[in-house]
Amino acid sequence: DAGITQSPRYKITETGRQVTLMCHQTWSHSYMFWYRQDLGHGLRLIYYSAAADITDKGEVPDGYVVSRSKTENFPLTLESATRSQTSVYFCASSEFTTGSGNTIYFGEGSWLTVV
Amino acid sequence: GENVEQHPSTLSVQEGDSAVIKCTYSDSASNYFPWYKQELGKGPQLIIDIRSNVGEKKDQRIAVTLNKTAKHFSLHITETQPEDSAVYFCAASTMYSGGGADGLTFGKGTHLIIQP
């Protein structure tokens, strides 16, 4: 049972380049999320998706683009990377909406450094 | 929107002692409060959760208490062990601004250090 897998796990890129972080889940969960984790800020939601072809902004969406053409995949693209986007990115999923008590499952994270 | 405050940011306790981490939330409509543990280099994992119709929940050495009136909840770890060393996040349920779903707002995390 693979769960959620993220790739790449580690990436160094240059300012201005486009970067895509991949996320794949094997549970057929409806909901998927992208969070970024920064020291002093905890986990902040970037984008989420309630189902295929349905996405919406979270707390910090600027500079990011997402898509969800298939239920199991939820890629995150940084269109023109900036140093402020250096962070650890976590993909997550849940079967139903989490507010009613459904567990969010996190991937292992993607460490991104923008130089 | 929901705001979750978590204290302390770092907590160091002697092995075998108890550890308590506290969180407050702002939205009285929040009704679900999970706690996540994150080990170095890993993603967060759910360790315990509590719903608003319950005041306390226990699972072996871990317990969570909820005070809805005061809008605060706490994680209690007894008989701490070296493997309890990690970052712990509290969270509260929240309705996303788009209205399309509800989800979680996280606290900023507590780095728990167990001293041998």
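Per chain, numbering begins at 1; letters A, B, ... match sequence-line order. All values reported here derive from a predicted model rather than from experimental measurement.
B:W35 and B:L11 end up in the same hydrophobic cluster when Ile, Leu, Val, Met, Phe, Trp and Tyr side chains are linked at under 4.5 Å. Grouping the Ile, Leu, Val, Met, Phe, Trp and Tyr side chains by contacts below 4.5 angstrom, directly or via other members, places B:I21 apart from A:L43. Under the 4.5 Å side-chain heavy-atom criterion for grouping Ile, Leu, Val, Met, Phe, Trp and Tyr, A:F33 is not connected to A:I46 through any hydrophobic cluster. Hydrophobic clustering, with ILVMFWY side chains joined whenever heavy atoms are under 4.5 angstrom apart, keeps A:V88 apart from A:W34.
Heavy-atom distances place no part of A:R44 under 4.5 Å from chain B, backbone and side chain included. For B:P44, the parts lying near chain A are the backbone and the side chain together; criterion is any non-hydrogen pair under 4.5 Å. Heavy-atom distances place the side chain of A:Q37, and not its backbone, under 4.5 Å from chain B. Heavy atoms of B:Q6 lying under 4.5 Å from chain A are absent altogether.
Of the inter-residue distances, the one linking B:L104 atom CG with A:Y48 atom OH reads 12.5 Å to the nearest 0.5 angstrom. Atom CD of A:E108 sits about 5.0 Å away from atom NZ of B:K42, to the nearest 0.5 Å. Atom OG1 of residue A:T103 and atom OH of residue B:Y36 lie 5.5 Å apart, to the nearest 0.5 angstrom. The CD atom of B:Q45 lies 13.5 Å from the CD1 atom of A:I104; values are rounded to the nearest 0.5 Å. The distance from the CG atom of B:L46 to the OH atom of A:Y105 is 7.5 Å, given to the nearest 0.5 Å.
Around CD of B:Q81, the count of heavy atoms belonging to other residues, nucleotides or ligands within 6.0 Å exceeds 12. The number of heavy-atom neighbours closer than 6.0 Å to CZ of A:R9, taken from other residues, nucleotides and ligands shown, is above 12.
With chain A as partner, the option from B:A92, B:G107, B:G41, B:A91 having the largest number of non-hydrogen pairs under 4.5 angstrom is B:G41.
Taking Ile, Leu, Val, Met, Phe, Trp and Tyr as hydrophobic and joining them when side-chain heavy atoms fall under 4.5 Å apart, one finds A:V115 in a cluster with A:I12.
Judged as a ring pair (Phe, Tyr, Trp, His ring centres under 6.0 Å), and not counting sequence neighbours, A:Y47 has no contacts.
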Decide yes or no on side chain to side chain contact (heavy atoms under 4.5 Å, CB included) for A:H41 and B:F106, but give the supporting numbers first. CA-CA 9 Å; A:H41 290 280; B:F106 287 86; over 6 Å; no
